[in-house]
Amino acid sequence: MTTRAMGFVGFHKSGKTTLVTQVAKYLRDQGHRVGIIKSSHHPFDLGGTDTDKLAGTGCPVAGINPDQTMVVLPQAMPVTAAWSLLDADILLVEGGKKLTFLPRIILPRTEPGSADDPAALADGLALAAWEQERTTGLPVCAAVEEVADLVLQRGFLFPALNCGACGREDCGGLARDVVAGRAVPEDCKAVEDAFAVRVNGVPLGMNPFVARIMASTLRGMLCQLKGYAPGAIDVHLGPASGGAS
């Protein structure tokens, strides 16, 4: 799985939103389609608006105006599922200290007198620190262009299946090995070249056993059709019509 993705992790008021905004604008200006996901342990503040009142019903809510669409769901959605909705080729994730299936840039800035330990943010997943103020032992990025280059050159995203097919206990183990240079993103076995499914262009992760079952089932159905011949199979499934889901 070679999706270019990067997390931006730091403590409260460390400048995450500012940096993600700057990196997103820079990459967009370079011609890339960038999607952003904000990961938070706290409810999102809708500012007491009408949308906030509607979301307070516990029902899914969509807001639409001529320039934007906003969707508020009353339950959490996995990062990989939300990613498939963004129509982008690069993913930037703000926050998410517990997300171990993608690399990260850490923002070690802390408030004066804070007991927060910036080194704890790295968790074996950090490629660099942004404008380092305290020692982390990581390379330091002092320009947005440097961060953008890391996203393009070393960004990746695993499917968070923790299937163990790569020989590690979970996706975090493989991610840490990739960051340390002991592995490459292509070592993820959850998306095989022989059978791959993409949803809105985003690879859908599945463990090798499930992939083999699906591939065998599909081939078994197609081989009964006139015109079938052994070889590469290309299937396109468009959006459901007629209100079907």
Evaluate whether atom NZ of Lys38 has more than 12 neighbouring non-hydrogen atoms of other residues, nucleotides or ligands under 6.0 angstrom away.
->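 Atom NZ in Lys38 is crowded, with more than 12 foreign heavy atoms closer than 6.0 Å.
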Which heavy-atom pair separates [X] from [Y] by the least distance, and what is that distance?
X      : Y      : answer
Ile37  : Ala82  : CD1-CB, 3.9 Å
Ala55  : Leu46  : CB-CD1, 4.0 Å
Ala129 : Thr136 : CB-OG1, 4.0 Å
Leu174 : Ala183 : CD1-CB, 3.9 Å
Ala24  : Ile36  : CB-CD1, 3.8 Å
Ile106 : Ala126 : CG2-CB, 3.8 Å

If I take atom [atom1] from residue [X] and atom [atom2] from residue [Y], how far apart are they, to the nearest 0.5 angstrom?
X      : Y      : atom1 : atom2 : result
Cys166 : Arg168 : SG    : CZ    : 5.0 Å
Leu125 : Met6   : CG    : CE    : 11.0 Å
Gln30  : Glu145 : CD    : CD    : 8.5 Å
Trp130 : Gln22  : CH2   : CD    : 6.0 Å
Phe101 : Asp170 : CZ    : CG    : 11.5 Å
Leu138 : Arg104 : CG    : CZ    : 11.0 Å

Hey, which of Asp187, Val178, Leu102 is the one that makes side-chain contact (heavy atoms from CB on, under 4.5 Å) with Phe158?
->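 Going through the options one by one, the only one that passes is Val178.
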Answer yes or no: is there a side-chain heavy-atom contact under 4.5 Å between [X] and [Y]?
X      : Y      : answer
Ile90  : Leu92  : yes
Pro74  : Pro60  : yes
Leu150 : Cys141 : yes

Salt-bridge contact Asp123-Lys97 (side-chain N to carboxylate O under 4.0 Å) =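 Judged by the 4.0 Å cut-off on N to carboxylate O distance, Asp123 and Lys97 do not form a salt bridge.
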Find out if a path of hydrophobic residues (ILVMFWY) with successive side-chain heavy-atom gaps under 4.5 Å connects [X] to [Y].
X      : Y      : result
Leu73  : Met70  : no
Leu161 : Leu99  : no
Val147 : Phe156 : yes
Val184 : Val151 : no
Leu27  : Trp83  : yes

Side-chain donor/acceptor of [X] to backbone N/O of [Y], under 3.5 Å:
X      : Y      : value
Arg4   : Leu91  : no
Glu146 : Ala142 : yes
Arg33  : Arg28  : no
Asn162 : Cys171 : yes

From CA spacing to verdict: side chain to side chain contact (heavy atoms under 4.5 Å, CB included), Leu121, Phe11 | CA-CA 9 Å; Leu121 296 172; Phe11 297 114; 3.8 Å; yes
Judged by modelled atom types alone, do Glu94 and Ser39 share a side-chain donor-acceptor pair under 3.5 Å?
->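 The criterion, which ignores hydrogens and geometry beyond distance, is not satisfied for Ser39 and Glu94.
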Trace of the side chain to side chain contact (heavy atoms under 4.5 Å, CB included) decision for Glu131 with Leu107 = CA-CA 7 Å; Glu131 294 185 340; Leu107 291 83; over 6 Å; no
Could you please spell out the steps behind the side chain to side chain contact (heavy atoms under 4.5 Å, CB included) verdict for Asp52 and Val72?
-> CA-CA 9 Å; Asp52 188 23; Val72 181; over 6 Å; no
